[in-house]
Amino acid sequence: MILVVLVNYNSTGHTLACVASLRAHTRPGTAYQVMVVDNASAPAERDALQALAAYPEVEVCYSALNLGFAGGNMLGFRTATATRRPTHVFLLNNDTLLRTDCLTELADLLTTRPEIGLAAPQMFGPEGQWLESYGFFPTLGDKLLGRALCRALGLGYHPPRPARAARQPYPADMVTGAAMFADAALFARIGGLDERYFLYCEEEDLAWRVWQAGRQVVVVPTSEFVHLGGRSSQPSFGLLREFYISLAYFLRKNFNPVHAEAVRWLFVVKLVFRARRGRQYLRLARFLAQGAPMAASIRPTAASLPESLSK
C-alpha cells in the first residue's frame, strides 16, 4: 500500500484538485491511502476539506499549529502509520497535478530495484514547460569548482546531458521536495523529514541521508506531474532569512566543521556581492556571518505567514 501525504495550508482548492488527479491517474488495482494534513488553515479553508469525506481512500487530520513543511508531513506519516504499514510513502505538494500514473510506476520501480530509496517524477510547470526535478548539494566542491568540473571529476551525482531527453531513471544528488516517493521502511529507519527545518532544505537533508544509508536517489522521466508553484514574485525578507537558517543547520548537521564553515562563508561572500541589488542581501550576509541561529526562525509566528508553504 502506498501512503500519499498532502499538507494543506489555506489552499483547499489545490488539495481537492490534487486528490482528483490522484483518483484520475492511478490504476484501479493500485492500493493507496491519502492522508491530508491541515496545517492550521483558516476556518473556511478547513471546513472546505469536508468535501473529501466522499472518498474512502482519503483521511484528514488537523493540526492546531502551523507545523511547517516537514512537521506537517511527519504528522501525516505518524498518524497514518499508527494503524497501517505502507510499503511506500509519497510526499506530494498539494499544489500539484499528476499527468501519469506516478503511484503505480514509482512503486513498481522501487520494488524491482531495491537499490533505489528515493525517487521523484519529472516536473512540469503550469504552462507545460519542463522543469528540473533535481538539485545539487551545497558542497565545497560545487561552490568552488563549479558543476561542470565536479561532473568531470565524478564528484556528486549529476543528471545526464540533456536531462530533458532522458527516458530512463537517472541518479541525482537530490530531488524536488514537491514530489518525493520513498521506500517507507527506509524513510522510517532514517527518521523521515527532520522537523527542525521549518520551510527549506528538508529535501536536501532527506536525500543526503538516503545516500548515506547506501541507497540511490533518482529522477524518473516517464512519470510526470505538474507543479503549479507559489505565486509570490519576491519572497519576503523573513522567508529569505529562513532559507539561510535552514542552510546553516543543514551544513552543521551533515558536514564536518571545516567543510561547513567554508561553505557558509562562501554564501556570505555571495550575498555581499548581491547587495548591489538590494540592502536586504547585506542584512542577510551579516545574519549568515553571525551563524544564522535556529532561534531566529519564523516558526513561532508561522500561522501568520502570508506566503504558500509549497516547495
Side-chain angles (χ1 to χ4, degrees), residues 2 73 87-93 96 98-125 130-194 197 200-225 227 247 250-251 253-255 259 263 311:
I2 303 164
N73 274 288
T87 55
H88 302 93
V89 57
F90 194 18
L91 307 182
L92 187 63
N93 265 31
T96 60
L98 301 192
R99 297 201 340 174
T100 65
D101 185 359
C102 295
L103 271 64
T104 305
E105 182 172 357
L106 295 175
D108 287 348
L109 177 68
L110 268 64
T111 299
T112 57
R113 293 185 54 184
E115 72 274 16
I116 298 174
L118 178 66
Q122 175 56 51
M123 180 166 57
F124 292 86
W130 184 93
L131 298 174
E132 293 179 350
S133 299
Y134 54 84
F136 301 90
F137 293 133
T139 62
L140 192 57
D142 178 73
K143 297 305 171 188
L144 281 180
L145 303 178
R147 286 168 190 162
L149 187 54
C150 283
R151 178 195 293 271
L153 295 174
L155 301 176
Y157 298 93
H158 296 260
R161 289 178 169 173
R164 69 180 63 217
R167 300 311 296 164
Q168 296 297 321
Y170 58 84
D173 276 357
M174 54 169 286
V175 292
T176 174
M180 298 186 290
F181 194 98
D183 176 288
L186 172 67
F187 184 78
R189 186 167 71 250
I190 65 176
L193 296 178
D194 185 339
Y197 295 102
Y200 301 104
C201 297
E202 306 93 336
E203 59 266 51
E204 287 94 333
D205 188 79
L206 179 63
W208 182 272
R209 285 180 286 126
V210 169
W211 282 113
Q212 292 296 307
R215 304 284 285 276
Q216 295 180 11
V217 178
V218 304
V219 175
V220 184
T222 53
S223 293
E224 301 177 356
F225 78 105
H227 186 201
L247 173 67
F250 173 84
L251 297 174
K253 176 184 176 183
N254 295 302
F255 293 175
H259 192 166
V263 175
K311 300 304 290 180

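Going from atom CE of Met180 over to atom OG of Ser133 covers 12.5 Å, rounded to the nearest 0.5 Å. One distance of note links CG of Asp205 with CE of Met174; it measures 10.5 Å at 0.5 Å rounding. The structure places CZ of Arg147 at 8.0 Å from NE2 of His158, a figure rounded to the nearest 0.5 Å. From Glu105, atom CD reaches atom CG of Asp108 across 8.0 Å, with rounding to the nearest 0.5 Å. The distance from atom CD of Glu204 to atom OH of Tyr197, rounded to the nearest 0.5 Å, is 8.0 Å. Separating the OG1 atom in Thr139 from the CG atom in Leu144 is a distance of 9.0 Å, to the nearest 0.5 Å.
In this structure, the side chains of Val219 and Pro159 stay at 4.5 Å or more apart for every pair of heavy atoms. For the pair Tyr157 and Trp211, the minimum side-chain heavy-atom distance is below 4.5 Å. Looking at Leu155 and Asp142, their side chains never come closer than 4.5 Å, going by heavy atoms from C-beta outward. Within the 4.5 Å cutoff, the side chain of Tyr134 has no heavy atoms near those of the Thr176 side chain. A heavy-atom distance below 4.5 Å is found between the side chains of His88 and Phe181. The closest side-chain heavy-atom distance from Arg99 to Ser223 is not below 4.5 Å. In this structure, the side chains of Cys150 and Leu145 come closer than 4.5 Å at one or more pairs of heavy atoms. A heavy-atom distance below 4.5 Å is found between the side chains of Arg151 and Arg161.
Shown here for Pro121 and Phe225, the closest heavy-atom pair between the two residues is CG-CD2, 3.4 Å. In terms of heavy-atom proximity, Tyr170 sits nearest to Ala163 at OH-CB, 3.8 Å. For Thr96 against Asn93, the heavy-atom pair with the smallest separation is OG1-O, 2.6 Å. Taking each heavy atom of Val263 and Pro138 in turn, the nearest pair found is CG1-O, 3.3 Å. Smallest separation of non-hydrogen atoms from Leu186 and Gly117: CD2-CA, 3.6 Å. The minimum heavy-atom distance linking Ala207 with Leu118 is given by the pair CA-CD2, 4.1 Å.
By the 6.0 Å contact criterion, CD on Glu115 is enclosed, its count of non-hydrogen atoms from other residues, nucleotides or ligands being greater than 12.
Judged purely by atom type and a 3.5 angstrom limit, Gln122 uses its side chain to pair as donor or acceptor with the backbone of Leu131. Side-chain N or O atoms of His259 include one that pairs as donor or acceptor with a backbone N or O of Leu140 at under 3.5 Å. Using a distance-only test at 3.5 Å, with no hydrogens or angles considered, a donor-acceptor pair links the side chain of Asp101 to the main chain of Thr104.
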Given Leu98 and Leu103, is the side chain to side chain contact (heavy atoms under 4.5 Å, CB included) satisfied, shown in steps?
-> CA-CA 9 Å; Leu98 301 192; Leu103 271 64; 4.1 Å; yes
List the steps and the verdict of side chain to side chain contact (heavy atoms under 4.5 Å, CB included) for Ile2 and Val89.
-> CA-CA 6 Å; Ile2 303 164; Val89 57; over 6 Å; no
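Under a 4.0 Å N-O distance rule, the pair Asp194/Arg209 does not qualify as a salt bridge.
The one candidate from Thr111, Ile116, Val218, Val220 that meets the side-chain contact (heavy atoms from CB on, under 4.5 Å) condition with Leu106 is Val220.
No side-chain donor-acceptor contact under 3.5 Å links Thr100 and Glu224.
Taking the six-membered ring for Trp and thresholds of 30 and 60 degrees, Phe250 and Phe255 have ring planes more than 60 degrees apart, a perpendicular arrangement.
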